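The next block holds one structure in the form of structure tokens; read it before the comments.
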Number of protein chains: 2
Amino acid sequence: MAFTERSRAAREGILAAARRRFTEGGYERTTIRMVAADAGLDPSMVIRYYGSKDGLFSAAVDVDLRLPDVAGVPPDELGWILARHFVDLWESDFGRETLLILLRSAASHPAAAERVRTVFTDQVIPLVRKATGDVADADVRAALLSTHLLGTVLCRYILQLPPVVDADTLVASLAVLMQHILTGSLAEDQS
Amino acid sequence: MAFTERSRAAREGILAAARRRFTEGGYERTTIRMVAADAGLDPSMVIRYYGSKDGLFSAAVDVDLRLPDVAGVPPDELGWILARHFVDLWESDFGRETLLILLRSAASHPAAAERVRTVFTDQVIPLVRKATGDVADADVRAALLSTHLLGTVLCRYILQLPPVVDADTLVASLAVLMQHILTGSLAEDQS
DNA sequence: GTCTATAATTCGATAGAC
DNA sequence: GTCTATCGAATTATAGAC
């Protein structure tokens, strides 16, 4: 960091406020003035510490999905374990900011979309390759997995589509579908 | 309509330009000036015909999924038929504007999110109820169906997550998953 | 019906006093 | 390190000439 220890509280306060605002309203609807007001500081301080609004966004977006190691997991338990992990993640404060902050902005902010692609390539694809034993269509299965996961975040937390089921019910249906996506057939027949 | 026939071309030109812009950049990144420039008119005309930016958005967003009638369809063909329908819809110019225009804005614009909920309630739920013979968990299945469909639009057309598969491959995997969501088990076991 | 001109805000970002 | 003051640009929206 290029700043002294004395300003640490201010910098962290700005970052925390920024994460909340970006999570809630996305990139475009979040203003530097809002963030500064939340942090109890002057807007010029935000620029001083993070250079620009884009710089602030980059600093606020640091997504680690904290994916579990699936090395020794039996193949038919993958769906349940991952479903449990993601729902736990989303229902925590950390997870809410971690994924919503990106998804809320990605639809209209190119830099955020690029960041999602990076998370997918660096975190999801390696997981699926390891989980499936690196089958030929692992990348396609990873994409389908991400499709349903991001779709769930979108429908449940952003669009708030009815019916809103409880977390355990969500885990159950998610586990079934993720299991199918990871180890089931992806062409014709089979219910 | 409250305006004369003489301005019809202008009004339609504005609306067409607005749909393209809202589709491409979402609500926040689209300005009345852009729309007016595309339509070859003055920005004040946009206000005159549509009242405000929100009024223009409302006029531009009129989503009809054109869902097929599934009354006589054999249950085990539902997935394939719906998958084919949606991919054909998305790959057409009409479909691109129909769904992208909403989804691009829904993540950060509350009014757009509300519109998506309406489309879900009025079009998707009735379809799934009819398709499944109105089973007890039809609404949950409708939500899961929407989750995967919106996830697909998000990942494929907005985030452009790799790998980008061709339309036929997309239909195949989509058909399998939609079939499972509509008629498969949603709890435990079964691959 | 269309455009010019402009009002009224709001934004991101900068300069400089303390 | 923090804040006051402000610039310059962009936005939505309006008033009125033609």
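Being a predicted model, the structure only gives us computed values, none of them experimental. Just so it is clear: chains get the letters A, B, ... in the order the sequence lines come, proteins before strands, and each one is counted from 1.
Closest to the side chain of B:Arg6, out of D:dG1, C:dG1, D:dA13, is C:dG1. If you check C:dC3, C:dT2, C:dA13 against the side chain of B:Ala10, the one that comes closest is C:dT2.
In the hydrophobic clustering of this structure, B:Leu82 does not group with B:Val135; members are Ile, Leu, Val, Met, Phe, Trp, Tyr whose side-chain heavy atoms approach within less than 4.5 Å, directly or through other members.
When the P atom of C:dA8 is taken as reference, atom CD1 of B:Ile32 falls 18 Å away, rounded to whole Å. Taking atom CE on A:Met45 and atom P on D:dT4, their separation rounds to 12 Å, with Å as the unit. For the pair B:Arg8 CZ and C:dG1 P, the computed distance is 13 Å after rounding to whole Å. With rounding to whole Å, A:Lys53 atom NZ is found 12 Å from C:dT10 atom C1'. For the pair B:Arg29 CZ and C:dC11 P, the interatomic distance rounds to 17 Å; values are reported in whole Å. The CG atom of B:Asp42 sits 15 Å away from the P atom of C:dG1 (whole-angstrom rounding). With rounding to whole Å, B:Arg11 atom CZ is found 8 Å from C:dG1 atom P. Between the CD1 atom of A:Ile47 and the C1' atom of C:dA15 there is a distance of 14 Å, rounded to whole Å.
Judged by the 6.0 Å distance and 45° axis criteria, B:Arg115 is not positioned over the aromatic ring of B:Phe57.
A salt bridge links A:Arg117 with A:Glu114: at least one charged nitrogen is closer than 4.0 Å to a carboxylate oxygen.
For B:Arg48 and C:dG1, the shortest distance from a side-chain N or O to OP1 or OP2 is below 4.0 Å.
Along DNA chain D, the nucleotide nearest to A:Ser44 and the one nearest to B:Ser44 differ in position, and the one closer to the 5' end is contacted by A:Ser44.
By the 4.5 Å heavy-atom criterion applied to side chains, A:Thr98 and A:Asp64 are not counted as neighbours.
Among the heavy atoms of the strands, none lies under 4.0 Å from A:Tyr50. Looking at heavy-atom distances under 4.0 Å, A:Thr31 makes contact with sugar-phosphate atoms alone, never a base.
Aromatic ring orientation, B:Trp90 versus B:Tyr157: perpendicular (interplanar angle above 60°, classes split at 30° and 60°).
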